[in-house]
Visitor: 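Would you mind keeping the following structure in view while I ask a few things?
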Amino acid sequence: MNQPTEIFSMKKYQHSKIESKWQKIWQAKKFFAAKDFSKKPKKYVLVEFPYPSGEGLHMGHLRPYVAADVYTRYFRMRGNEVIFPMGWDAFGLPAENYAIKQGVHPSIATKKNISNAKRQMQSWGLSFDWSREVNTTDPNYYKWTQWIFLQFYKAGLAYEATGLINWCPKDKTGLANEEVIDGKCERCGSTVEKKELRQWYLKITAYAEKLLEGLKHLPKWPEPVKLQQENWIGKSVGAEIDFILDQPKVKRFVILHARGGYPDGYFYPWLKRELESRGYEVQAPAMPDPEAPNDDEQAEFVSKNFVLDESTVLLGHSFGNVVALRLLERGHKVNRVILVGAPFYGKFLDNKTRPTVTAAVQKGFDFKTIKKNSNSFTLLYDTHDYVISVADGEAFSKALGFPLIKLRAQKPHFMEKVEPDVLSVALGATKVFTTRVDTLPGATFIVIAPEHALIESYKSQIINYKEVAKYVKEAKDKTDIQRTAKEKEKTGVELKGIKAINPVNDQRLPIWVADYALMGFGTGALFGDAHDERDQAFAKKYNIPLKVTLKPADGSDDSKVRSFEEVFTGDGILYNSGEFDGLGSEEARKVITKWLVDKNAGKATVTYKLRDWVFSRQRYWGEPIPIIHCSDCGIVPVPEKDLPVKLPKVKNYQPTGTGESPLAGIDKWVNVKCPNCGGEAKRETNTMPQWAGSSWYWLRYTDPNNKKGFASISKQKYWTPVDVYFGGMEHTTLHLLYSRFWNLFLYDQKLVTAREPYTMRKPHGIILGTDGEKMSKSRGNVVNPDSIVKSYGADTLRMYELFLGPHEATVSWNEYGHIGVRRFLDRVWGWGNEVESKKLKVESESENVQRALHRLTKKITEDIENFRFNTSVSAFMEFHNEVKDEPVSVLSLKIFLTVLYPFAPHVAEELNSIIGNKTSLQLEPWPKFNPEMIVEDTVEIVVQINGKVKGKINLPTGSSQLVAQSQILKLDSVKQTLSDQSIKRIVFVKDKLINLVI
RNA sequence: GCCGGGGUGGCGAAACUGGCAGACGCAUCAGCUUUAGGAGCUGACGCCCGCAAGGGCAUGCAGGUUCAAUUCCUGUCCCCGGCACCA
């Protein structure tokens with residue numbers, strides 16, 4: 001090939017021509033269409049589908065696509081039925097923002113972007129099965145996204161709630177916890193604020209344990225990925241402790257029984273006993289006409305015969321609450337009112353009539369007077385009550401301005417003889433979570449989060465309430481960044497007037513509100529002690545006494561610990577801990593937890609860092625949440641037959657910024673008839689987050705045109721789970737966690753056949769610009785894959801991308817690097833044409849070529865299976881360097897092209913057709929290698945003296961130590977070094993080395 | 001601070017379960033070829049000493065185990081990613 005005449009006589013390597021030629025042939029022959037229920041073993045290769053943006057696809061997309069493509073083409077040749085689908089994750093802010101700016105409807109912009117991205121993918125020679133293409137913005141697709149949402153709703157895992165959520169001021173929408181990175185919006189980088197909003201949530205926390213457990217059954221996932229998910233879920237095992245409030249202002253409880261009740265019924269006698277044993281005076285009047293009560297008559301009776309003053313707590317059960325409120329209306333001032341299952345509407349869940357109760361409540365309440373005569377109300381409702389609905393509680397909560405406590409009573413409507421939650425509320429028990437129960441005897445203060453309900457509930461007893469309220473307001477106004485700033489000193493305010501009682505030693509502990517306690521974790525309250533750095537720092541700042549109760553178990557000097565020079569946070573031996581002295585920390589945790597359980601003062605429990613998924617967005621370009629709000633029926637899911645709820649086509653979809661979705665302004669769309677009662681109703685106007693569509697897309701690929709379901713069970717059974725999932729590390733605690741959650745849920749609903757969606761996860765490293773910085777338009781270091789395809793070809797782009805480094809490593813693009821790969825392909829092109837022109841038979845080929853070919857096949861086979869594509873590229877080059885000057889047969893060239901095909905499919909196909917083969921390489925079986933052909937006849941053995949290389953000798957493969965020894969002693973270099981010294985030892989490694997120790 | 005991952009020529013990187021450190025490629029230099037070269041071919045290319053033969057030093061740094069360490073162990077520094085007052 002050094003002869004110029006030969007070079008000029010052959011065809012030039014025209015990449016553009018041959019690439020489009022083969023891309024057309026592949027498409028026309030439908031090589032890449034995966035067949036359902038094929039007899040071949042299936043393989044599901046998945047790569048994250050892109051968001052089609054106006055800028056097109058970039059290098060970051062290319063990396064997993066090319067790797068997955070090589071992998072896919074290889075397994076097709078190995079005889080697998082491979083599904084390698086692609087689609088579009090096309091809902092989201094960029095299209096919407098672009099639309100607002102340009103006045104182009106997002107659906108039009110999206111369409112355009114998709115066709116461009118598809119063109120790019122095809123120009124890269126990616127072998128996707130386009131017959132299975134999905135698009136999350138297609139109503140036929142999002143119909144099922146909405147349908148799945150309704151399954152969550154029906155299972156009680158989708159709920160509406162009002163609370164402080166993360167709010168991005170630039171994108172004007174709420175965000176999930178996972179979308180906040182370092183206190184900033186994952187998408188636009190704005191500092192996230194907090195906003196009180198009504199939102200839809202998905203109860204991912206209900207799946208915390210399953211998500212954690214599932215990780216254990218994913219051996220083919222990288223450990224770092226699993227660990228990152230595990231840390232995000234953040235399981236803490238510990239205990240919840242009830243700290244009872246010391247309320248010096250409260251002297252007396254008055255228990256007002258229910259209709260049909262008597263002082264010796266239900267939980268009353270037990271509660272009376274418990275309260276009295278704690279030193280309170282208890283009055284439990286036996287009311288007149290208990291079966292057909294009259295509220296005014298009963299109030300009159302209590303008012304006349306019992307003591308009601310500002311040291312009294314009124315505790316009503318059911319009808320008793322009406323009486324309690326009437327007493328306030330009559331002007332009795334009390335300390336606090338506890339309403340247990342209070343009736344508001346006079347309608348009952350069991351549809352029975354209770355005329356006396358209904359008549360009493362229908363008179364209405366004078367809330368103004370009521371609120372004036374008690375500073376604090378506690379509302380306690382049972383979630384499985386069959387008489388009074390929680391809606392009654394909500395009505396009271398709204399009217400009185402106090403939070404509603406919903407819980408599951410021992411018996412519906414609190415009718416058990418022992419109802420511990422009623423006692424807890426009466427005593428003001430505050431639950432505190434800890435992972436270190438062993439330090440409980442050393443607790444010297446309590447810290448609660450600014451959002452903690454205790455503050456409002458005990459307003460009347462907090463002497464410095466104004467100061468506290470000021471602190472709370474300031475804390476709530478801060479962003480998370482301000483609140484958790486690294487150097488920030490801890491701040492807090494003591495709640496004067498109340499104390500908490502440590503159950504293990506009856507000590508009265510001061511209660512502080514401080515923003516280092518987080519409402520979202522545990523119970524929003526903690527106890528402070530000397531064996532925690534944060535607690536100690538806080539205590540020192542505010543001069544709160546500390547008590548050391550642990551000493552190091554290893555017997556090391558503990559005087560530093562005692563003088564607070566050091567914070568000892570490890571496990572140790574208890575002292576200063578009363579009856580628990582001498583126990584080791586681990587033992588103490590068990591013993592104290594059991595002690596708490598026995599005393600009804602706490603229990604072992606588990607909490608997670610994971611928060612429920614804020615699932616609504618106040619933006620236009622997303623799936624509408626298929627819910628209707630009816631003033632009579634409340635929340636009504638859109639009936640299945642009415643799905644999909646289509647996005648209305650409108651001109652204006654600017655975000656409002658008020659927390660309302662732009663859809664809220666479209667009256668024609670919003671106002672609907674209630675599917676339940678036919679009355680006036682309104683659609684839910686929030687849309688779903690970007691992550692919704694991608695939470696189940698791999699399932700749709702298995703059955704993309706199904707009209708009856710999101711994917712048939714039989715097709716899922718054939719294709720799922722995904723065998724290899726290529727994608728980015730950045731999705732570990734977003735898409736990857738969310739989609740596992742959806743899958744686990746659907747699996748529990750028996751709608752999905754694979755418990756875990758992805759058997760193997762293959763993350764890739766990012767590609768940096770030539771300057772080693774992240775590629776970005778503002779830095780001007782973006783390398784455009786299209787321009788490389790244009791001037792060097794897709795095969796060059798593919799191979800160089802793989803050559804950059806290991807798939808999982810971060811690599812930077814070298815400005816000239818791809819030229820080396822192009823040179824290689826040019827040489828292969830010339831060499832291939834030359835081999836063709838000589839038409840040599842295998843017999844005239846040297847054994848060396850054969851051996852090299854077998855070695856190459858082995859190397860490429862193993863590299864692909866182990867995702868080591870970078871060394872494959874080297875191996876092709878080495879092979880070519882080795883055989884280029886030797887006679888090579890056409891048959892050997894074909895084998896070379898066959899193994900090259902997954903990497904550089906266009907060149908390989910074209911050369912293969914030049915040498916006269918009519919069938920595509922895609923239909924060739926993957927070549928086998930003969931292990932015997934890989935072993936050479938002779939091997940080079942390294943000769944070392946004291947571990948230093950002194951020379952090399954060639955010996956027949958498998959030579960013994962004796963042979964080697966006799967050979968090396970003849971070497972000059974060895975003789976010289978040895979001179980007269982004696983050999984102490986000889987280390988011999990067969991076919992590798994011989995080392996003389998002297 | 002905690003949890004991961006990683007430090008090898010001028011650059012991207014190889015090196016199987018401890019066995020020739022730097023394969024392969026980029027850049028650079030020299031030569032050949034060419035009217036010309038930002039093309040092609042051939043060769044050199046870790047650092048230091050040396051004309052050379054040869055020798056010494058080298059896988060972030062300091063130790064250790066071993067006949068032999070990029071690989072195993074201990075300590076330490078730096079870079080990247082994640083979490084971050086999580087009780």
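Since this is a predicted model, take the numbers as computed values, not measurements. Here is the naming used below: chain letters follow the sequence lines, and residue numbers restart at 1 for every chain.
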Visitor: Would you indicate what A:Leu518 reaches in the nucleic acid, counting non-hydrogen atoms under 4.0 angstrom: base, sugar-phosphate, or nothing?
Guide: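 Base contact.
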Visitor: Just jot down the side chain to side chain donor-acceptor pair (under 3.5 Å) partners of A:Gln229, sequence neighbours excluded, or say none.
Guide: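 Listed in chain order: A:Arg740.
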Visitor: NA contact type, A:Glu223, heavy-atom cut-off 4.0 Å: base, sugar-phosphate, or nothing?
Guide: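 Nothing, no heavy atom under 4.0 Å.
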Visitor: When both hydrogen-bonding distances must be under 3.5 Å and the geometry is Watson-Crick or G-U wobble, what is B:rG9 paired with, if anything?
Guide: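 Across any shown strand, B:rG9 pairs with none.
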Visitor: Taking atom types as they are modelled, would you say the side chain of A:Ser874 forms a donor-acceptor pair with the base of B:rA23 within the 3.5 Å cutoff?
Guide: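 It does, because a donor-acceptor pair links the side chain of A:Ser874 to the base of B:rA23 below 3.5 Å.
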Visitor: Among all residues two or more places apart in sequence or in another chain, which pass the ring-ring contact (aromatic ring centres under 6.0 Å, His included) test with A:Phe879?
Guide: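 Expected list: A:Phe896.
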Visitor: Any strand is fair game: report the nucleotide pairing with B:rC85 by Watson-Crick or G-U wobble, both distances under 3.5 Å, or none.
Guide: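 Pair assignment: B:rC85 / none.
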Visitor: Quick one: A:His818 NE2 to B:rG12 P, roughly how many Å, whole number?
Guide: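 After rounding, the gap between these two atoms is 18 Å.
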Visitor: Do you know which two heavy atoms are closest between A:Asn502 and A:Leu440, and how far apart they sit?
Guide: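 Shortest heavy-atom separation between A:Asn502 and A:Leu440 comes out as ND2-O, 3.0 Å.
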Visitor: How far, in whole Å, is B:rU70 from B:rG22 if one measures between their P atoms?
Guide: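 It works out to 12 Å between them.
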Visitor: By the 4.0 Å heavy-atom rule, please label A:Ala517 as base, sugar-phosphate, or nothing.
Guide: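 It contacts base atoms.
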Visitor: Counting only side-chain nitrogens and oxygens, does A:Lys884 get under 4.0 Å of the OP1 or OP2 atom of B:rU42?
Guide: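 So the side chain of A:Lys884 is within the cut-off, an N or O lying under 4.0 Å from OP1 or OP2 of B:rU42.
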Visitor: Taking OP1 and OP2 of B:rG40, is either one under 4.0 Å from a side-chain nitrogen or oxygen of A:Arg823?
Guide: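 It does, given that an N or O in the side chain of A:Arg823 lies less than 4.0 Å from OP1 or OP2 of B:rG40.
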Visitor: Heavy atoms, side chains only, cut-off 4.5 Å: are A:Asp795 and A:His15 in contact?
Guide: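 Of all side-chain heavy-atom pairs linking A:His15 with A:Asp795, none is under 4.5 Å.
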Visitor: Please check if atom CD in A:Glu533 has more than 12 non-hydrogen atoms from other residues, nucleotides or ligands closer than 6.0 Å.
Guide: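 Counting other residues, nucleotides and ligands, CD of A:Glu533 stays at 12 neighbours or fewer.
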Visitor: Paired with B:rG75 by Watson-Crick or G-U wobble geometry, both distances under 3.5 Å: which nucleotide is it?
Guide: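 Result: B:rC61.
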Visitor: Using the C1' atoms only, state how far B:rC41 lies from B:rC47, rounded to an integer number of Å.
Guide: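 My reading of the C1' atoms in B:rC47 and B:rC41 gives 30 Å.
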Visitor: For B:rA39 versus B:rC57, give the span between their C1' atoms, rounded off to a whole number of Å.
Guide: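 Straight-line distance between the two C1' atoms is 41 Å.
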Visitor: Give a yes or no on whether a salt bridge exists between A:Arg63 and A:Glu801, defined as a side-chain N under 4.0 angstrom from a carboxylate O.
Guide: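 A salt bridge links A:Arg63 with A:Glu801.
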Visitor: I need the minimum non-hydrogen distance between A:Thr605 and A:Glu240, along with the two atoms involved.
Guide: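 Closest approach of A:Thr605 to A:Glu240: CG2-N, 3.4 Å.
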Visitor: In whole Å, measure the gap between the C1' atoms of B:rG9 and B:rA27 for me.
Guide: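 It works out to 12 Å between them.
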Visitor: For A:Glu48 and A:His731, test the side chains for any donor-to-acceptor distance below 3.5 angstrom and give the result as yes or no.
Guide: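 Looking only at side-chain atoms, A:His731 and A:Glu48 do form a donor-acceptor pair, the distance falling under 3.5 Å.
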Visitor: Once each nucleotide of nucleotides 54-59 of chain B is scored for protein heavy atoms under 4.0 Å, what B/S/- sequence comes out, 5' to 3'?
Guide: ---S--
Visitor: Just how far is it from atom CG of A:Asn995 to atom CD of A:Gln944, taken to the nearest 0.5 Å?
Guide: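 Answer for the CG-CD pair, A:Asn995 versus A:Gln944, is 4.5 Å.
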Visitor: Taking the C1' atom of each, how far is B:rG31 from B:rC45, in whole Å?
Guide: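 15 Å, rounded to whole Å.
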Visitor: Give me the distance, rounded to whole Å, that separates B:rU35 from B:rA53 when you measure between the C1' atoms they each carry.
Guide: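 Between the two C1' atoms, the distance is 45 Å.
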Visitor: Give me the distances for all protein-to-nucleotides 16-18 of chain B N/O pairs that come in under 3.5 Å?
Guide:
none

Visitor: Report the C-alpha distance between A:Thr491 and A:Tyr471 in whole Å, list the side-chain angles of each, state the deciding distance to 0.1 Å, and finish with yes or no for side chain to side chain donor-acceptor pair (under 3.5 Å).
Guide: CA-CA 9 Å; A:Thr491 55; A:Tyr471 179 82; 2.8 Å; yes
Visitor: Taking only N and O in the side chain of A:Arg436, is any of them less than 4.0 Å away from OP1 or OP2 of B:rA87?
Guide: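 No, A:Arg436 has no side-chain N/O under 4.0 Å of OP1/OP2 on B:rA87.
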Visitor: How many whole angstroms separate atom CG of A:Asn231 from atom P of B:rG1?
Guide: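 Going from A:Asn231 (CG) to B:rG1 (P), I get 18 Å.
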Visitor: Quick one: is A:Thr871 getting a side-chain N or O under 4.0 Å of the B:rA23 phosphate, OP1 or OP2?
Guide: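 Answer is no, no contact under 4.0 Å.
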Visitor: Where along residues 800-816 of chain A does a heavy atom fall under 4.0 Å from RNA chain B?
Guide: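 RNA chain B contact set from residues 800-816 of chain A: A:Phe803, A:Leu804, A:Pro806, A:Thr810, A:Val811, A:Asn814, A:Tyr816.
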Visitor: Go through the steps for A:Glu179 and A:Trp691 under the test side chain to side chain donor-acceptor pair (under 3.5 Å), then give the verdict.
Guide: CA-CA 10 Å; A:Glu179 291 172 299; A:Trp691 312 102; 2.7 Å; yes
Visitor: When we call it a touch if two heavy atoms are under 4.0 Å apart, what does A:Gly183 touch: a base, just sugar-phosphate, or nothing?
Guide: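 If one applies the 4.0 Å heavy-atom cut-off, A:Gly183 turns out to touch nothing in the nucleic acid.
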Visitor: More than 12 non-hydrogen atoms from neighbouring residues, nucleotides or ligands closer than 6.0 Å to CD on A:Glu586, yes or no?
Guide: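 Open.
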Visitor: Using a cut-off of 4.0 Å on non-hydrogen atoms, how would the nucleic acid contact of A:Asn870 be classed: base, sugar-phosphate, or nothing?
Guide: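 Touches sugar-phosphate only.
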Visitor: Partner lookup for B:rC20, please. Criteria are Watson-Crick or G-U wobble with both distances under 3.5 angstrom; report none if nothing qualifies.
Guide: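 Check on B:rC20: unpaired, no WC or wobble geometry under 3.5 Å.
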Visitor: Should B:rG31 form a Watson-Crick or G-U wobble pair with both distances under 3.5 Å, which nucleotide is its partner?
Guide: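 With both distances under 3.5 Å, B:rG31 matches B:rC41.
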Visitor: Report the distance from atom CH2 of A:Trp232 to atom P of B:rG82, rounded to the nearest whole Å.
Guide: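 For the pair A:Trp232 CH2 and B:rG82 P, the rounded distance is 11 Å.
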Visitor: Can you list the residues that meet the ring-ring contact (aromatic ring centres under 6.0 Å, His included) rule with A:Tyr542, with sequence neighbours excluded?
Guide: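 Once residues adjacent in sequence are excluded, the partners of A:Tyr542 under the ring-ring contact (aromatic ring centres under 6.0 Å, His included) criterion are A:Trp512, A:Phe538.
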Visitor: Just so I know, are the side chains of A:Phe876 and A:Leu900 near enough to count as touching, which here means a heavy-atom distance under 4.5 Å?
Guide: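 A:Phe876 vs A:Leu900: side chains touch.
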Visitor: With a 4.0 Å cut-off on heavy atoms, is A:Lys984 in touch with a base, just the backbone sugar-phosphate, or nothing at all?
Guide: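 The residue A:Lys984 makes no contact with any strand.
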Visitor: Which label fits B:rG82, syn or anti, where anti is any glycosidic angle not within 90° of 0?
Guide: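 Base orientation: anti.
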Visitor: Looking for any heavy atom pair under 4.0 Å, which part of the strands does A:Lys774 touch: base, sugar-phosphate only, or nothing?
Guide: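 It contacts nothing in the nucleic acid.
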Visitor: Assess whether one donor atom and one acceptor atom, taken from the side chain of A:Glu940 and the base of B:rC20, lie less than 3.5 Å apart.
Guide: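 Check passes, donor-acceptor contact within cut-off.
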Visitor: Any base atoms under 4.0 Å from A:Asn995, or only sugar-phosphate, or nothing? Heavy atoms, all strands.
Guide: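 Counting heavy atoms under 4.0 Å across all strands, the contact made by A:Asn995 includes a base.
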